[in-house]
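Here the structure comes first, spelled out in structure tokens, and everything after it is commentary.
Numbered from 1 within each chain, the chains take letters A, B, ... in sequence-line order.
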Amino acid sequence: MARAVTTRRKIATTVLAWAIGLLIFFPIFWTILTSFKTEAQAINNPPLFWGFDFTLENYAVVQERSDYMRFLWNSVIIAGGSTILGILVAVPAAWSMAFVPSRRTKDILLWMLSTKMLPAVGVLYPISLIFVEFNLLDTRGGLILVLMLINLPIIVWMLYTYFREIPAEILEAARMDGATLKAEILYVLTPMAIPGIASTLLLNFILAWNEAFWTLNLTAASAAPLTAFIASYSSPEGLFFAKLSAASTMAIAPILILGWFSQKQLVRGLTFGAVK
Amino acid sequence: MATTTDTGADFRTRLQEWLPKLVLSPSLAIMLVFVYGFIAFTIYLSFTDSRMLPSFGWVGWDNYDRLFRVREWNVALTNLAIFASLYIVICTLIGLTLAILLDQKIRGEGVLRPIFLYPMALSFIVTGTAWKWFLDPAIGLENTMHLWGWESFTFNWIKDREMAIYTIVIAAVWQSSGFVMAMFLAGLRGIDNEILKAAQMDGASNFQLYRRIILPQLRPAFLSAFVILSHLAIKSYDLVIALTGGGPGNATALPATFMYSYTFTRNQMGIGAASAVIMLMTIAAIMVPYLYAELREKK
């Protein structure tokens with residue numbers, strides 16, 4: 001009897017959890033689905049889940065209207081560039097704090113993390129003044145620098161937490177065997193650090209990709225990434241659902257793919273390590 | 001010969017000693033200059049008579065005084081209070097419920113968890129824009145319902161000065177709930193099963209189990225969720241810009257959008273800087289004690 005009740009309860013919770021999950025996912029699913037329909041089918045009653053004429057016309061229209069590929073390329077360069085640059089700067093710092101901690105390490109980490117929570121408007125003036133001064137407005141190089149700067153704390157922090165998980169005994173053993181610092185870093189540390197670096201890379205790429213405050217305010221046309229692309233569709237101007245859906249699908253497609261693989265990193269990064 | 005190897009070894013040990021500090025310093029220097037240096041500059045500007053360009057005439061607390069007499073700023077603060085409290089409370093409730101559901105070891109959890117988390121991986125600017133279309137009476141939900149023959153259906157919150165702020169809550173909650181769920185789920189998984197079993201043996205009901213044992217143990221998760229959600233709320237910019245542009249009128253302005261528009265459309269840099277400083281201080285007041293406690297605990 002008791003068993004029957006628990007089974008029934010289990011089924012109920014499973015159904016409920018799935019129902020909420022589908023509800024949350026529905027807008028994304030529906031957007032993608034609608035992007036492949038004609039405008040008439042997009043607002044068909046009843047809504048069409050299948051049996052519509054699959055069309056790529058919406059994508060062609062959007063590409064023609066606003067040159068998606070250029071925005072996409074800018075996003076790739078800016079997010080990728082700032083991430084790689086950030087990792088290059090952060091790896092030595094994280095290595096130093098994780099393996100040669102000093103009395104101050106905790107305080108430094110606290111101080112670094114705190115900077116990530118501060119609002120962007122706090123540094124808006126100096127950065128825009130510098131951008132004007134050095135002609136960095138609407139350049140990819142300028143954005144790469146800014147995004148690297150704002151994400152550096154989180155990169156250092158993430159790398160630090162991953163590096164900390166590398167057991168110190170292994171390093172000691174390597175040292176006992178007479179490994180030099182160079183050998184230690186090259187043959188012992190690096191292979192074990194790569195998964196952590198890859199995770200940090202992934203997370204930061206997504207963060208940089210999604211960043212909108214700076215990308216919207218510091219670009220006009222030539223360096224504008226996908227955030228600006230989607231913002232330009234903010235007022236529909238005669239476009240209807242199928243076209244708008246195609247535009248948003250194009251904006252989120254890369255993240256939909258990366259997002260699936262980076263759930264853990266996302267939680268870990270956005271909670272500042274409170275959740276591992 | 002012996003001396004050279006000696007200095008060589010000496011040099012090496014000294015390098016080993018200094019290298020960690022040496023490699024740490026670029027990151028530290030960058031953050032020191034580009035975060036704290038720049039913030040210091042903003043704080044300084046907030047005490048000057050800067051308008052369109054920075055100017056260095058000292059005016060004391062004047063900008064702060066004037067800021068709080070600007071009607072839009074007070075609107076932005078009221079909006080922030082409404083938005084932040086609803087956002088934090090609803091996200092926490094939904095997140096906790098979802099986490100408890102998922103913690104029942106249900107079928108397909110591995111697929112469900114990423115689905116709940118998906119919205120958080122998307123850019124606020126994309127979700128804001130998509131929600132804007134969806135909530136727009138002319139093309140979205142209302143129009144669709146009319147086309148389907150439900151003529152009397154109305155849902156025009158986004159055009160309504162009184163209700164527009166709640167559309168931002170809807171979009172933000174959709175985006176963040178799954179993320180809060182992940183935080184609580186981690187907390188739930190961290191609870192010692194032995195304690196639960198012991199309590200069950202003693203005849204505790206499920207409700208008692210949650211109320212007396214599980215929820216109290218989730219205290220750190222509640223705290224993290226609160227700090228993270230509140231700093232996201234105070235920083236909110238992209239979502240509002242994409243969803244309502246701060247409108248209708250300035251009905252959905254938040255401090256960050258106020259700061260931006262007041263500086264660049266009204267050329268009031270001094271007052272804008274003062275508003276940025278207020279936001280910085282608010283976040284610091286929530287965050288510093290939390291991070292401090294967090295790090296002390298982890299020792």
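Taking a 6.0 Å sphere around OH of Tyr36(B), one finds it holds more than 12 heavy atoms contributed by other residues, nucleotides or ligands. Atom CH2 of Trp260(A) sits in a crowded spot, with more than 12 heavy atoms from other residues, nucleotides or ligands closer than 6.0 Å.
For a residue to count as touching a neighbouring chain, one of its non-hydrogen atoms must lie under 4.5 Å from one of that chain's; by this rule Val121(A) touches chain B with backbone and side chain alike. With a 4.5 Å cut-off on non-hydrogen atoms, Ile283(B) touches chain A through its side chain but not through its backbone. Heavy atoms closer than 4.5 Å to chain A are found nowhere in Leu243(B), neither backbone nor side chain. For chain A, the nearby part of Leu98(B) is the side chain; its heavy atoms alone come within less than 4.5 Å. Interface remark: Trp95(A) contributes side-chain atoms only to the contact with chain B (heavy atom separation under 4.5 Å). No part of Asp103(B) comes within reach of chain A, as not one of its non-hydrogen atoms sits under 4.5 angstrom from that chain. Contacts between Ala273(B) and chain A at a heavy-atom distance below 4.5 Å involve backbone atoms as well as side-chain atoms. Residue Leu226(A): no heavy atom, backbone or side chain, is found under 4.5 Å from chain B.
Counting heavy-atom pairs closer than 4.5 Å to chain B, the top-ranked of the candidates Ile127(A), Leu22(A), Val91(A) is Ile127(A). The most heavy-atom pairs under 4.5 Å with chain B, out of Ser102(A), Ala17(A), Ala231(A), Ala120(A), come from Ala17(A). Most heavy-atom pairs under 4.5 Å with chain B, from the set Ile206(A), Asn217(A), Ile20(A): that is Asn217(A). The residue among Leu149(A), Leu258(A), Ile155(A) with the most heavy atom pairs within less than 4.5 Å of chain B is Leu149(A).
Qualifying side-chain contact (heavy atoms from CB on, under 4.5 Å) partners for Ala251(A), counting only residues two or more places apart in sequence or in other chains: Phe229(A), Ile230(A), Val126(B). Every residue meeting the salt bridge (charged side-chain N to carboxylate O under 4.0 Å, His left out) condition with Arg104(A), not counting sequence neighbours, appears here in chain and number order: Asp107(A).
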Please report the C-alpha distance between Thr31(A) and Ser248(A) in whole Å, then the side-chain angles of each, then the deciding distance to 0.1 Å, and finally whether the side-chain hydrogen bond (donor to acceptor under 3.5 Å, both in side chains) criterion is met.
CA-CA 8 Å; Thr31(A) 304; Ser248(A) 25; 5.2 Å; no

